[in-house]
Amino acid sequence: FDYGDGEPGQYVTDTTGIELLNNLEFLRLHDNNITSIDLSNNRKLEIADLPGNNITDIKLPEGRRLWGLKLNGNWLQSLDLSRNLGVEVLFIDSNPFSSYIDLTNNFSLRNLYSGDVPVYFGNKAYVDPDDELVKVDLSNLLDYNISFISLLESPFYESDEEDPYV
């Protein structure tokens, strides 16, 4: 299902009934006015592409099938991915999370776009863009298949000082 880049006056605001789409594999709802979405019954969902909405609450299907999750530019304050261990691509930047996102057991993760959002990999690493003393030894993340981490929206990269970690 693809409906996005809402034209003025043509926004999706209510996703009631989406749980009845049992065979839904791909969902793209860019730039609408969705505040809550329940995808917990969409067990075949592989990609949820939902940036630029007003989502404050999301329920995801459990299991390893969901591999792409794009939630940037919403109003999420928390996100539990402990039952979504198949996620490979994750966009979570530009959300007002109240604490870090725990990715301790998300070993399938390959591409992480966290921007200004702190993320935690158990005792392996902690990435907090607001902490001026951020130093991450990515060799601690060898158990993960991560090939890309983006902190581009972090205040760390907005500094006029040269980045010593590049």
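Numbers here simply count residues along the sequence, with the first being 1.
- The cluster map of Ile, Leu, Val, Met, Phe, Trp and Tyr, joined by side-chain heavy atoms under 4.5 Å apart, puts Leu66 and Leu85 in different clusters.
- With contacts defined as side-chain heavy-atom distances shorter than 4.5 Å, the pair Leu27/Leu21 does not qualify.
- In this structure, Arg83 places its CZ atom where only 12 or fewer heavy-atom neighbours from other residues, nucleotides or ligands lie under 6.0 Å away.
- Between the side chain of Asn42 and the backbone N or O of Ser40 there is no donor-acceptor pair closer than 3.5 Å.
- Counting heavy atoms from C-beta on, the side chains of Lys70 and Arg28 never come closer than 4.5 Å.
- When the side chains of ILVMFWY residues are joined at heavy-atom separations under 4.5 Å, either directly or via intervening members, Phe91 and Phe26 end up in a single hydrophobic cluster.
- The shortest side-chain heavy-atom distance between Asp31 and Asn53 does not fall under the 4.5 Å cut-off.
- Of the residues Leu90, Asn84, Ile47, the one that meets the side chain to side chain contact (heavy atoms under 4.5 Å, CB included) test with Trp67 is Ile47.
- Looking at Asn54 and Asn33, their side chains do bring a donor and an acceptor atom within 3.5 Å of each other.
- Considering only heavy atoms from C-beta on, Leu29 stays 4.5 Å or farther from Asp49 through its side chain.
- Residue Phe107 is tested with Leu103, Leu109, Asn105 for a side chain to side chain contact (heavy atoms under 4.5 Å, CB included); the sole match is Asn105.
- Between Pro51 and Asn72, the closest side-chain pair of non-hydrogen atoms falls below 4.5 Å.
- Looking only at side-chain heavy atoms (C-beta outward), Thr15 and Asp38 stay at 4.5 Å or farther from each other.
- Asn74 contributes a side-chain N or O that, together with a main-chain N or O of Leu50, makes up a donor-acceptor pair within less than 3.5 Å.
- In this structure, Asn95 contributes its side chain and Leu71 its backbone to a donor-acceptor pair below 3.5 Å.
- Inter-residue side-chain proximity for Arg65 and Arg43 is flagged as unmet; no heavy-atom pair is nearer than 4.5 Å.
- Inter-residue side-chain proximity for Ile55 and Trp75 is flagged as unmet; no heavy-atom pair is nearer than 4.5 Å.
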